[in-house]
Amino acid sequence: LEAKIQEALETLPEQCRLIFKMSRFEELKYHEIAAQLQLSVKTVENQMGKALKLMRTQLKDYLPLITILIGRLLEP
Amino acid sequence: MNEEMEHIEDLIGKFIVGEASETEIRELREWCAISPENQKYLDDTSLIYEKSQLPSKPEFDSEAAWAKVKGKISKKATKTRFMLPTWGIAAGLGLLFALSFVFYFYRQSTQTQEFQFVADNIVVTQQMPDLTEISLNQHSQVKVEYNERKNRGTIILEGEALISIPDSKKVNWMVQAGELQIEDIGTVFHVKAFPDSALVEVTVQEGLVRFFKEDMEGITLKAGEKGTYDKNLNVFSKLEADPNVSAFVTRAFTFQEEELGQVLEKLSQVYGKKIVMEGDISGCKLTVAFENEDLETILAIIAETLGLEIKEEADQIKLSGNGCF
């Protein structure tokens with residue numbers, strides 16, 4: 001899964017990827033990212049949301065398996 | 001709808017990176033509560049965020065590297081192998097093991113258990129898993145089929161037994177003696193059914209039983225009643241219970257104006273000792289009760305009461321006297 005996530009990350013649009021990386025790996029706050037890139041905080045929020053959505057769409061084939069399996073097992 | 005979704009996406013992002021305000025967190029929780037899909041949406045996204053890693057060598061140009069290596073690899077080596085990660089194998093094996101364990105115990109509990117025991121020269125008492133007690137008199141045997149899941153217990157009896165079923169009974173018991181059936185309705189009861197005897201006797205001490213045959217309705221017996229079935233006449237009849245019917249287990253006897261001959265026969269059966277009489281004493285009437293005494297004491301009391309003499313011989317005891325008082 002980690003490898004797939006990395007792949008998905010690399011396919012994100014330029015700005016999305018940059019903001020995601022700054023948030024995730026440099027642990028910057030939205031307003032810090034916004035200041036560095038000279039964007040509004042709202043745009044950073046938007047881009048971050050978009051980045052996560054795109055990645056989830058790409059990874060949807062890998063994600064549900066685990067959750068569904070566990071869900072089934074826990075059902076009475 | 002799209003706008004709303006976009007708003008949610010933003011909220012999720014903010015929530016994951018820890019920038020969401022109290023109000024936003026509450027809003028997201030409400031959204032998650034709408035459906036399990038929504039919750040999963042958030043969980044998946046969090047997982048992606050958590051699992052994402054920095055590329056180990058960000059500057060590495062894999063295309064170029066691949067091109068460089070490609071030429072050196074022979075066609076054979078391009079076979080792809082799918083390897084399961086080791087933790088996957090471990091988890092799979094673990095799951096398999098756990099499931100077989102559960103399945104094994106499930107099978108165990110659904111299977112019918114069988115017990116079999118025989119009493120030759122002594123009285124044997126056995127307890128079933130549901131605490132039902134079966135006391136077998138001498139020269140008797142039973143086979144028990146017990147299935148707790150189906151709430152069913154069957155006692156296949158040849159001979160004489162006292163059956164005590166506890167109040168907290170888990171299974172419905174049925175006694176089979178040849179073609180005769182005795183269904184318990186919460187009880188202590190006694191069954192005498194020797195295959196070579198024409199008479200089958202059922203005596204109820206507590207509760208209620210139904211005594212019947214597959215093709216005959218039979219009778220219902222209450223506490224203190226005795227039912228008999230005559231194999232030759234094919235008739236069920238109801239009598240008053242013999243109070244000493246379970247003496248072979250309890251060694252408790254109550255004799256009411258009973259003839260000495262009868263009393264000694266009963267004692268002889270229970271204690272497994274031959275008792276003979278000398279003189280005209282067989283018809284002497286006796287009223288007495290014993291509670292778990294040994295045979296010597298009982299005979300001493302009887303002899304005292306009726307003015308008899310006791311003589312112990314090699315394999316028998318002799319009571320002698322000159323008639324009754």
Side-chain angles (χ1 to χ4, degrees), chain A residues 1-12 15-34 39-76, chain B residues 1-21 24-25 27-28 31-32 35-63 82-85 87-88 91-92 94-96 98-99 102:
Chain A
L1 185 65
E2 280 87 346
K4 289 289 168 196
I5 292 175
Q6 202 163 318
E7 259 175 46
L9 181 59
E10 295 309 317
T11 61
L12 289 179
Q15 201 181 33
C16 272
R17 186 168 73 226
L18 185 61
I19 290 172
F20 183 89
K21 284 182 174 174
M22 284 170 88
S23 161
R24 175 70 178 91
F25 306 119
E26 295 172 35
E27 290 173 13
L28 294 176
K29 295 277 174 201
Y30 277 5
H31 68 89
E32 292 168 329
I33 300 171
L39 295 167
S40 73
V41 176
K42 192 71 199 161
T43 313
V44 176
E45 275 177 25
N46 257 311
Q47 292 292 326
M48 192 65 191
K50 195 174 158 195
L52 288 169
K53 180 185 154 189
L54 288 172
M55 283 173 70
R56 197 184 37 246
T57 316
Q58 276 210 32
L59 293 168
K60 67 174 187 299
D61 293 337
Y62 303 96
L63 282 170
L65 273 174
I66 304 168
T67 4
I68 289 175
L69 255 178
I70 291 173
R72 290 266 161 85
L73 281 178
L74 291 180
E75 266 171 35
Chain B
M1 181 63 203
N2 252 345
E3 251 175 52
E4 193 195 321
M5 202 54 223
E6 221 168 86
H7 173 62
I8 293 291
E9 296 284 357
D10 292 354
L11 276 188
I12 292 176
K14 284 170 98 174
F15 174 73
I16 291 174
V17 300
E19 297 224 13
S21 69
E24 286 170 328
I25 291 175
E27 192 185 341
L28 189 62
W31 178 77
C32 283
S35 72
E37 282 76 30
N38 287 0
Q39 181 65 52
K40 182 170 151 43
Y41 203 89
L42 175 66
D43 292 344
D44 286 352
T45 315
S46 307
L47 182 69
I48 293 173
Y49 188 78
E50 288 297 320
K51 293 277 181 192
S52 61
Q53 290 163 348
L54 259 188
S56 42
K57 287 179 190 168
E59 305 307 323
F60 185 73
D61 184 345
S62 58
E63 284 297 316
F82 292 100
M83 293 283 282
L84 275 172
W87 64 262
L95 193 67
L96 192 71
L99 285 176
V102 167

| field | Per-residue contact mode, L11(B) against chain A (heavy atom under 4.5 angstrom) | value |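 Contact with chain A involves no heavy atom of L11(B) at all.
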| Between CG on residue D10(B) and CD on residue Q47(A), distance to nearest 0.5 Å |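 So the CG of D10(B) and the CD of Q47(A) are separated by 9.5 Å.
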| Roughly how far, to the nearest 0.5 Å, is the CD1 atom of I48(B) from the CD atom of Q58(A)? |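 Output value for this atom pair is 9.5 Å.
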| task | With sequence neighbours excluded, tell me which residues meet salt bridge (charged side-chain N to carboxylate O under 4.0 Å, His left out) with E19(B). | result |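 Not a single residue meets the salt bridge (charged side-chain N to carboxylate O under 4.0 Å, His left out) criterion with E19(B).
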| field | Atom of M48(A), atom of Y49(B) and distance for their closest heavy-atom approach | value |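 It is CE-CE1, 3.6 Å.
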| Residue pair V17(B) / S23(A): nearest heavy atoms and the distance that separates them |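 Heavy atoms only, the tightest pair is CG1-OG, 3.1 Å.
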| message | If the condition is side-chain hydrogen bond (donor to acceptor under 3.5 Å, both in side chains), which residues does S35(B) pass it with, not counting sequence neighbours? | response |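 By the side-chain hydrogen bond (donor to acceptor under 3.5 Å, both in side chains) rule, S35(B) matches N38(B).
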| Per the side-chain hydrogen bond (donor to acceptor under 3.5 Å, both in side chains) rule, which among R56(A), K53(A), K50(A) passes with E9(B)? |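 Looking at R56(A), K53(A), K50(A), the match for E9(B) under the side-chain hydrogen bond (donor to acceptor under 3.5 Å, both in side chains) is R56(A).
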